[in-house]
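To keep things clear, I will list the structure first and then write my remarks on it.
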Amino acid sequence: MALRSSDPIGLQSGVAKPSRNSRKKKKQKRKEAIADSPVISEDPVAEQCGNDSSGTLVESTSENYGIRDNGNVNRISCVGSASVVVVEESVCQNVCGFGELRQRNVIGGGEEMAAVASRAEEDRAEMNGSKEPLPPAQPQPVVNGNVANKLDTAESLDWKRLMSEDPNYLYAVHKSPAKYFLDEMYSGNSLRRTTTLGSEKERERVYDTIFRLPWRCEVLIDVGFFVCFDAFLSLLTIMPTRILIKLWRFLTARQFKRLSAAELCDFGCFLVLACGVILLGQTDISLIYHMIRGQGTIKLYMIYNVLEIIDKLCQSFGGDVFETLFNSAEGLATCSQENMKFWIRRFVSDQALAMAFSILHSFILLAQAIALSTCIVAHNNALFALLVSNNFAEIKSNVFKRFSKDNIHNLAYADSVERFHISAFLLFVLAQNILEAQGPWFESFLFNAFVVFFCEMLIDIIKHSFLAKFNGIKPIEYSEFLEGLCKQTLNMQTEDSKKNLTFVPLAPACVVIRVLTPVYAAHLPYSPLPWRLFWIIFLISVTYVMLTSLKVMIGMGLQKHATWYVNRCRKRKHHLHFD
C-alpha cells in the first residue's frame with residue numbers, strides 16, 4: 001500500500017504565519033523523514049498483535065493533543081523496538097464549513113520517531129500557538145490503516161448456538177413433531193402469523209364501514225332523489241305556468257318585448273319537451289317489447305346493461321348541452337342590437353342540438369323501461385338474473401378502483417339520478433299493467449318493485465362502504481356532501497359549482513308523459529266531442545293541481561331540511577373551531 005503524504009492546510013485569517021525560510025526547512029525535514037521510512041504492510045493487525053524480536057509483547061501508547069479554536073488534533077502512537085509511529089493530524093478549518101482528516105503512518109526506529117515527534121510538535125506550535133487543547137479523542141478505525149475493528153471470536157459465530165439461544169428463532173434444528181405441536185398450542189394466537197393486532201383506529205374503521213357510513217350515504221342519496229323529483233315536478237308545473245302567463249301578457253298588451261334569459265330557457269325546454277312527446281307518441285311500444293323479448297342472440301340483462309351505460313353517458317353529456325343552451329339564452333337576452341343576429345344563430349343551433357340529444361336520450365330511456373318491463377313480466381326469473389348481473393357488475397367496476405373525494409361525490413349524485421330513473425321505469429311498468437294485465441297483478445307488481453328498490457339500495461350501500469374503506473374516506477365526508485347539496489337546494493353560492501348535482505329531467509318527463517297518455521285516453525268516457533274535450537281539460541286540471549300540490553310539499557320540505565342541516569353544520573363547525 002503506497003503511502004500518501006499530505007501537508008497541513010492553510011490557516012485561517014487572524015493566526016500568525018511562519019516565515020518562508022522556516023516553512024521550506026520544515027518541508028525538507030518532512031520529506032527526509034518519509035523517504036527514510038519503509039512502506040507499511042497490508043496487515044497492520046498482525047503486526048500490532050505480534051511480539052517483538054526479544055519476545056516481549058508489544059504495547060502501544062497514544063497521546064492526544066488538540067487545539068479547540070482551529071479544531072486540529074494530532075496523535076502519535078509508538079510501538080515497541082520495531083516501532084510503528086502513527087501520526088494523525090486532524091485539521092478542521094472553518095472555511096466554508098468543511099473539514100479534513102489526515103493520517104500519516106511511519107514505521108521506523110528511534111531516530112524516525114524523534115523526527116516525526118519533533119515535526120508534529122513544530123506543526124502544532126505553528127498552527128495553534130498557545131491555544132487550549134481539546135479533550136483526548138478515541139482512535140477511530142481507518143480502512144487499510146493501522147487501527148482495525150475487533151473481530152468476533154469463533155465462539156460467537158456459532159450459528160447453532162445462536163439459533164438455540166434466540167427465543168424468536170423460526171425453527172429449531174433438532175425438534176420433535178410433538179414438541180412443535182405443543183409449542184404451537186401454547187404460543188398464543190393461532191392466526192398470529194397471518195394477522196396483526198388491531199388498534200382503536202382499525203376498530204373505528206370497521207364500525208364506520210358497517211354502521212356509520214351506510215346511514216349517511218343513504219341519507220345523501222335519498223335527498224338527491226327528492227331534489228331530482230323536485231326538478232321533475234318543476235318542469236311539469238312551474239314551466240307551463242310561466243309560459244301561459246307570458247302568453248297571456250303578450251295577448252293582452254299586444255306588444256312584443258325582448259324575452260329575459262329565464263323566459264328563453266323556459267320556451268326552449270318546452271319546445272324540447274313537446275317534440276320529444278310527439279316523437280315518442282309515434283313509436284309502437286308493443287313492437288319494441290316483442291322485439292326485445294323474441295330475440296335470442298343477446299340476453300335481457302345484457303341489453304339492459306348496455307342501455308344503462310348509454311343512459312349514464314347521455315346524462316353526463318346532457319348537462320353540458322343544456323348549460324350551453326342556457327348560456328346562449330343569457331347572451332341573447334343581454335346582447336346589443338348589433339350582435340343580435342349572431343346570438344340568434346347561436347341560440348338556434350344550441351336549441352337544435354339540445355332537442356336532438358334530448359330526443360335520443362328519451363328513446364334510450366324508453367327502451368330501458370321496456371327491457372325492465374320484459375324482465376318483470378317474464379316467468380323464467382329474468383328479473384333476478386338482471387338484478388344480479390347489473391348490480392354486481394356495478395360493484396366490480398367501481399369498488400376495486402382508486403377514487404378521489406370528488407369522484408365519490410359525483411358517484412353519489414349519479415346514484416340519486418339512477419334511482420329516479422328506476423322510479424320512472426317502474427311507473428312505466430305500472431302503466432303497462434293497467435292497460436294490458438289480466439287477473440290479479442297489483443301484488444306481484446308491488447313485490448317486484450320492492451325487490452328492485454331494495455337491491456338497488458343494498459348495492460349502493462355496499463359499493464360506497466367499500467369505496468370509502470379502500471380510499472380512506474371518512475363518514476364525515478358524506479355529511480359534507482350533504483351540506484353541499486343542501487346549499488344547492490337553498491341556491492347558496494358554493495366554492496365549486498362543478499360539485500353540484502346535475503340533472504336534466506326532460507328525457508324522463510317525455511317518457512312519463514308518453515306512458516301516461518294512453519292510460520288517460522283509455523279511461524275517457526265515450527261521449528260526443530265537446531264532452532270529451534271537457535273531460536280532457538278536467539283530467540289535465542286535476543293532474544296539474546295534484547302535481548302542483550306535490551311540488552309545493554316536496555319543495556318546502558327540501559327547503560326546511562336544507563335550512564336545518566346547514567345551520568346544524570355551522571354550529572358544529574363553530575363549536576369545533578372554539579374547542
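Residues Asp350 and Thr324 bring no donor and acceptor atom of their side chains to less than 3.5 Å of each other.
Under the side chain to side chain donor-acceptor pair (under 3.5 Å) criterion, Ser541 pairs with no residue at all, not counting sequence neighbours. Checked against salt bridge (charged side-chain N to carboxylate O under 4.0 Å, His left out), Arg345 has no partners two or more places apart in sequence or in another chain. By the salt bridge (charged side-chain N to carboxylate O under 4.0 Å, His left out) test, Glu483 pairs with Lys487, Lys573, sequence neighbours left out. Here Lys401 pairs with nothing under the side chain to side chain donor-acceptor pair (under 3.5 Å) rule; sequence neighbours left out. Remark: Ser389 engages Tyr301, Asn305 in a side-chain contact (heavy atoms from CB on, under 4.5 Å) (not counting sequence neighbours).
The two residues Cys455 and Leu387 come nearest to each other via the heavy atoms SG-CD1, 3.9 Å. Closest heavy-atom contact between Ala261 and Ala333: N-CB, 3.5 Å. Smallest separation of non-hydrogen atoms from Ile292 and Ala367: CD1-O, 4.2 Å. Taking both residues in full, the closest heavy atoms of Leu213 and Ala468 are given as CD1-CB, 3.1 Å, listed atom of the first, atom of the second, then distance. Between Cys335 and Arg258, the closest heavy-atom pair is O-NH1, 2.7 Å.
For the pair Lys463 and Glu394, the salt-bridge criterion is met [side-chain N within less than 4.0 Å of a carboxylate O]. Between Lys246 and Asp266 there is no salt bridge, since no side-chain nitrogen of the basic residue lies less than 4.0 Å from a carboxylate oxygen of the acidic one.
No donor-acceptor pair under 3.5 Å is formed between the side chain of Ser444 and the backbone N or O of Pro440. Distance alone, capped at 3.5 Å, is enough to place a donor-acceptor pair between the Thr209 side chain and the Arg205 backbone. Between the side chain of Asn327 and the main chain of Glu323, no donor-acceptor pair closer than 3.5 Å is present. The main-chain N or O of Leu313 is never found under 3.5 Å from a side-chain atom of Ser316 such that the two would form a donor-acceptor pair.
Taking the side chain as every heavy atom from C-beta outward, Leu386 and Leu300 never approach each other to under 4.5 Å. A 4.5 Å side-chain heavy-atom check between Arg570 and Val566 finds at least one atom pair inside the cut-off. Proximity of Cys269 to Leu273: side-chain heavy atoms (C-beta onward) are nowhere separated by under 4.5 Å. Side-chain atoms of Val206 and Glu202, non-hydrogen and from C-beta on, never get closer than 4.5 Å to each other. For the pair Val417/Leu501, a side-chain contact is recorded, criterion being any heavy-atom separation below 4.5 Å from C-beta on. Side-chain contact check for Tyr289 versus Val377: some heavy-atom pair is nearer than 4.5 Å. Within the 4.5 Å cutoff, side-chain heavy atoms of Leu426 are placed close to those of Ile376. Here the side chains of Ile285 and Gln432 are in contact, with some heavy-atom distance below 4.5 Å.
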- Test ring pair (Phe, Tyr, Trp, His ring centres under 6.0 Å) on Phe226 and His561 and set out the steps. CA-CA 11 Å; Phe226 281 105; His561 173 267; 9.8 Å; no
- Message: For a side-chain contact (heavy atoms from CB on, under 4.5 Å) check, start with the C-alpha distance between Tyr565 and Ser479, then their side-chain angles and the critical distance, and finish with the verdict.
- Response: CA-CA 10 Å; Tyr565 195 81; Ser479 299; 3.3 Å; yes
- Before giving the answer on side-chain contact (heavy atoms from CB on, under 4.5 Å), spell out for Leu325 and Val321 the whole-Å C-alpha distance, their side-chain angles and the decisive distance to 0.1 Å. CA-CA 6 Å; Leu325 175 63; Val321 171; 5.9 Å; no
- Given Ser404 and Asp406, is the side-chain hydrogen bond (donor to acceptor under 3.5 Å, both in side chains) satisfied, shown in steps? CA-CA 5 Å; Ser404 64; Asp406 294 337; 5.3 Å; no
- Item | Phe466/Asn398 under side-chain contact (heavy atoms from CB on, under 4.5 Å): CA gap, chis, key distance, verdict | CA-CA 10 Å; Phe466 283 95; Asn398 291 317; over 6 Å; no
- Message: Show, in sequence, the C-alpha distance, side-chain angles and deciding distance for Val348 and Gln351, and conclude whether the side-chain contact (heavy atoms from CB on, under 4.5 Å) test is met.
- Response: CA-CA 5 Å; Val348 170; Gln351 178 69 36; 5.5 Å; no
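In this structure, CG in Asn339 is found 11.5 Å from CZ in Arg346, a value given to the nearest 0.5 Å. Leu467 CG to Ile462 CD1: the interatomic distance, rounded to the nearest 0.5 Å, is 12.0 Å. The CG atom of Leu485 sits 14.0 Å away from the OH atom of Tyr478 when rounded to the nearest 0.5 Å. We find the CG-CG distance between Asp415 and Leu220 to be 9.0 Å, quoted to the nearest 0.5 Å. Summarising the geometry, atom OG belonging to Ser423 is positioned 12.0 Å from atom CG belonging to Leu430; distances are rounded to the nearest 0.5 Å.
Judged as a ring-ring contact (aromatic ring centres under 6.0 Å, His included), the pairs with a partner in residues 501-520 (not counting sequence neighbours) are, in order, Phe420-Phe503. The ring-ring contact (aromatic ring centres under 6.0 Å, His included) analysis of residues 199-218, with sequence neighbours excluded, yields the pairs Tyr207-Phe211. For residues 391-417, every residue pair satisfying the ring-ring contact (aromatic ring centres under 6.0 Å, His included) rule, not counting sequence neighbours, is listed here: His409-Tyr413, His409-Phe481. Judged as a side-chain hydrogen bond (donor to acceptor under 3.5 Å, both in side chains), the pairs with a partner in residues 355-375 (not counting sequence neighbours) are, in order, Asp311-His361. Residues in residues 525-545 take part in these ring-ring contact (aromatic ring centres under 6.0 Å, His included) pairs, two or more places apart or across chains: Trp531-Phe534, Trp535-Phe538. For residues 211-220, the pairs satisfying salt bridge (charged side-chain N to carboxylate O under 4.0 Å, His left out) are Glu204-Arg212, Asp208-Arg212, Glu218-Arg419, with sequence neighbours left out.
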Going by atom type alone, with no hydrogens or angles, which donor-acceptor pairs under 3.5 Å involve a side-chain atom of residues 232-239 and a protein atom two or more places apart or on another chain?
unit_1	atom_1	unit_2	atom_2	d
Ser234	OG	Asp230	O	2.9
Ser234	OG	Lys551	NZ	2.7
Thr237	OG1	Leu233	O	2.5

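Within 6.0 Å of CZ in Phe447 there are 12 or fewer heavy atoms belonging to other residues, nucleotides or ligands. More than 12 heavy atoms of other residues, nucleotides or ligands lie within 6.0 Å of CZ in Phe342, so this atom counts as buried by the packing criterion. Taking a 6.0 Å sphere around CE of Met340, one finds it holds more than 12 heavy atoms contributed by other residues, nucleotides or ligands. Counting heavy atoms of neighbouring residues, nucleotides and ligands inside a 6.0 Å radius, atom NZ of Lys396 does not exceed 12 of them.
Tested against Leu280, the residues Leu366, Val515, Ile359 include a single side chain to side chain contact (heavy atoms under 4.5 Å, CB included) partner, Leu366.
Relative ring orientation between Phe445 and Trp441 is described as perpendicular, the plane-to-plane angle rising above 60° on a 0-90° scale split at 30° and 60°.
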